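Data block below; observations after.
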Amino acid sequence: GLFDKDGRILGLPYQYRDSRTDGMIELADKKVGKANIYAATGIQFLFFNSLYQLLSEAEAGSAALNAAEDLLFMPDLLTYWLTGKKYQELSIASTSQLYNPKHKDWDRTLIKSLGLPEKLFKSIRQPGTGSDPLTEAAKAATGLTSAKVVSVAGHDTASAVAAVPSKSANPAYLSSGTWSLMGLELDAPVINEAAFQDAFTNEVGLGGKIRFLKNMCGLWLIQESRRHWLSEGVDIGYGEMAKLANEASPFRSIINPDDPSFIQAGNMPVKIQAYCEKHGQPVPKTKGAIIRCIYESLALRYESVWKNLIKYAPQRPEVLHIVGGGCQDHLLNQFTANVLNVRVAAGPVEATGLGNILAQLLADGRIKDLQEGRDIIANTVSPKIFEPADQASWSQAVSTYSHIFE
């Protein structure tokens, strides 16, 4: 959200899949160079990053951008409307591809090189460190006269990763939902040529930890397929979808979930069929075959990331923690354990909410650090464990289809 000097919003924010960012990665590369952008920010090149949203505004000569005095990311925008306080919170700022995690501040050289207004990038607030009262208007509207708004990790994945119930110093996690974010929690960013070539991202989490991860397409493919079938009058619940997939023949057709053809909403089953036909694979005809194709493709994509990810781990992870709504998908969890040959601990489901609570506890001084909060969660929730199985079949599938993800 862009705001003028009087605190008024200058138009509605855009949906992040909006096509206005088309070609912006290429333009930023031409202006600055991808290697230089990565060296400054350590962030994976994704079309929806704030860099490209703002660059599209600048290139269009946006009157709103020119008139703006403040830029608020979505969590910060909501905080402003509740408290009247404007600030940019660290976890969401760090995902913008304009923040330098080594310098722990905005990369103003990069911002200037891209032609973006420097005045929009102001002091950054640490999550879990402060709180503000509601405005009088918010008190009147809600009746919450003594409530306060705490600065939590505003990026949902940052809050979810904070709630990973692990005692490991560097837990491995998969935040599973519309997107799949697989990574390690590290003490310092990893920004070098290898990480650049492997396209890993360095985002900041609660307690100053680095979320070293890869952002991949996730259950968006399942959600969009279900939405399409529902538009045709066929209501298939997620449990029924998993059942149909389990009954379908294995490893007939595999897609790259991150192929650009799957980014936009639309008739996802037809898009999947078109991909398979284009790449000379059997075209999945039934709903079960399509769903099985999605699940197996996601698991194989996870494997392609995992084998690179663990190179950056101080020691090989013994467990992959899957958190978020997708951790309820038992079939995908089992496929993930099988293909990675590692134990999967699924849960908690509401990790983002629990991570939010941890930040509140830190701000109130109720817990001393992130690990104490994780210990509380570990004593509260019981993750479902999935042990690796069917190793020969999955190993063969990796060998057969690994070229798809190169």
Side-chain angles (χ1 to χ4, degrees), residues 44 46 157 160 172-183 199 213-228 236 238-263 265 268-269 271-273 275-276 279 281 284 287-309 320-342 344-346 349 384 386 388-390 393-406:
Q44 179 184 358
L46 297 167
T157 307
Y173 56 84
L174 174 64
S175 180
S176 179
T178 301
W179 295 90
S180 293
L181 299 98
M182 178 182 283
L213 59 84
K214 174 70 73 69
N215 193 321
M216 302 168 279
C217 182
L219 291 169
W220 163 256
L221 300 174
I222 291 289
Q223 294 160 354
E224 278 296 287
S225 295
R226 182 175 186 271
R227 189 167 72 88
H228 173 72
I236 308 174
Y238 291 117
E240 179 65 16
M241 291 178 80
K243 181 175 181 292
L244 291 173
N246 205 34
E247 294 169 350
S249 300
F251 304 120
R252 291 188 72 251
S253 311
I254 298 297
I255 62 173
N256 182 348
D258 290 316
D259 188 86
S261 62
F262 304 127
I263 287 174
M268 195 60 70
K271 291 182 181 182
I272 289 168
Q273 290 169 333
Y275 179 100
C276 292
H279 291 82
Q281 298 189 50
K287 292 179 176 62
I290 291 169
I291 300 163
R292 178 107 191 184
C293 169
I294 294 172
Y295 278 139
E296 290 177 343
S297 298
L298 288 174
L300 289 165
R301 176 64 174 137
Y302 295 164
E303 189 277 338
S304 74
V305 172
W306 178 259
K307 67 185 179 186
N308 287 327
L309 177 68
L320 174 66
H321 292 271
I322 300 183
V323 296
C327 80
Q328 299 172 97
D329 200 318
H330 294 180
L331 183 61
L332 182 56
N333 294 343
Q334 187 62 62
F335 283 0
T336 303
N338 295 351
V339 74
L340 303 187
N341 191 23
V342 69
V344 163
V349 175
K384 184 172 177 59
F386 297 84
D390 199 13
S393 297
W394 280 96
S395 179
Q396 180 59 50
V398 169
S399 177
T400 302
Y401 294 108
S402 60
H403 67 280
I404 290 177
F405 309 108
E406 293 174 354

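Computed from a predicted model, the values in this text were never measured in an experiment. Each residue takes its place number in the sequence, starting with 1. No hydrogens, no waters, no symmetry mates; every other heavy atom, side chains included, goes into these values.
- Taken from CG in Asn338 to CG in Leu300, the straight-line distance is 10.5 Å, to the nearest 0.5 Å.
- Considering only heavy atoms from C-beta on, Leu221 comes within 4.5 Å of Ile255 through its side chain.
- The shortest non-hydrogen separation linking Asn215 to Gln44 is N-OE1, 2.9 Å.
- We find the OG-CG distance between Ser180 and Leu213 to be 11.5 Å, quoted to the nearest 0.5 Å.
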Report the C-alpha distance between Lys287 and Ile236 in whole Å, list the side-chain angles of each, state the deciding distance to 0.1 Å, and finish with yes or no for side-chain contact (heavy atoms from CB on, under 4.5 Å).
CA-CA 10 Å; Lys287 292 179 176 62; Ile236 308 174; 3.3 Å; yes
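- Relative orientation of the Phe251 and Trp394 rings is perpendicular, given thresholds of 30° and 60° on the angle between their planes.
- Between Asn256 and Ile404 the shortest heavy-atom distance is ND2-O, 3.5 Å.
- Residues Pro250 and Arg292 are in side-chain contact: their nearest non-hydrogen atoms beyond the backbone lie under 4.5 Å apart.
- Inspection of the Arg252 and Ser249 side chains reveals no N or O donor paired with an N or O acceptor under 3.5 Å.
- Under the 4.5 Å side-chain criterion, counting only non-hydrogen atoms from C-beta, Pro388 is not in contact with Leu340.
- Among all heavy-atom pairs drawn from Tyr302 and Leu174, the shortest one is CE1-CD2, 3.6 Å.
- Here OG of Ser225 is found 3.5 Å from CD1 of Ile294. Values are rounded to the nearest 0.5 Å.
- The structure places CE of Met241 at 9.5 Å from CG of Leu219, a figure rounded to the nearest 0.5 Å.
- Here the side chains of Ser176 and Asp329 are not in contact, with every heavy-atom distance at 4.5 Å or above.
- Shown here for Leu331 and Ala245, the closest heavy-atom pair between the two residues is CD2-CB, 3.9 Å.
- Remark: side-chain polar atoms of His228 are not paired, donor with acceptor, to backbone N or O of Glu224 under 3.5 angstrom.
- Atom CD of residue Glu296 and atom OH of residue Tyr401 lie 8.0 Å apart, to the nearest 0.5 angstrom.
- Residues Gln223 and Thr178 approach most closely at OE1-OG1, 3.1 Å, considering heavy atoms.
- Between Trp220 and Ile263, the closest side-chain pair of non-hydrogen atoms is not below 4.5 Å.
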Quick one, Glu240 with Arg226, criterion side-chain contact (heavy atoms from CB on, under 4.5 Å). Give me CA distance, side-chain angles, the key distance, then yes/no.
CA-CA 11 Å; Glu240 179 65 16; Arg226 182 175 186 271; over 6 Å; no
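- With sequence neighbours left out, the salt bridge (charged side-chain N to carboxylate O under 4.0 Å, His left out) criterion links Lys243 to Glu247.
- Donor-acceptor pairing under 3.5 Å is recorded for the side chains of Thr400 and Gln396.
- Put simply, the side chain of Phe405 does not reach to within 4.5 Å of the side chain of Asp258, judged on heavy atoms.
- Using a 4.5 Å heavy-atom cutoff, the side chains of Trp306 and Val342 are in contact.
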What verdict does the side chain to side chain donor-acceptor pair (under 3.5 Å) test give for Asp390 and Ser393, after you've listed the backbone C-alpha separation in whole Å, the side-chain angles of each residue and the deciding distance to 0.1 Å?
CA-CA 6 Å; Asp390 199 13; Ser393 297; 3.0 Å; yes
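- Within the 4.5 Å cutoff, the side chain of Ile254 has heavy atoms near those of the Gln281 side chain.
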Given Ile322 and Tyr173, is the side-chain contact (heavy atoms from CB on, under 4.5 Å) satisfied, shown in steps?
CA-CA 6 Å; Ile322 300 183; Tyr173 56 84; over 6 Å; no
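- Ring geometry for Tyr295 against Phe335 counts as perpendicular: the plane angle is over 60°, on a 0 to 90° scale with 30° as the lower cut.
- A pairwise comparison of heavy atoms in Ile290 and Pro269 identifies CD1-CB, 3.9 Å as the closest pair.
- Judged by the 6.0 Å distance and 45° axis criteria, Lys384 is positioned over the aromatic ring of Phe386.
- Remark: Leu309 CG to Met182 CE distance equals 7.0 Å, nearest 0.5 Å.
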Show, in sequence, the C-alpha distance, side-chain angles and deciding distance for Cys276 and Ser253, and conclude whether the side-chain contact (heavy atoms from CB on, under 4.5 Å) test is met.
CA-CA 7 Å; Cys276 292; Ser253 311; 3.7 Å; yes
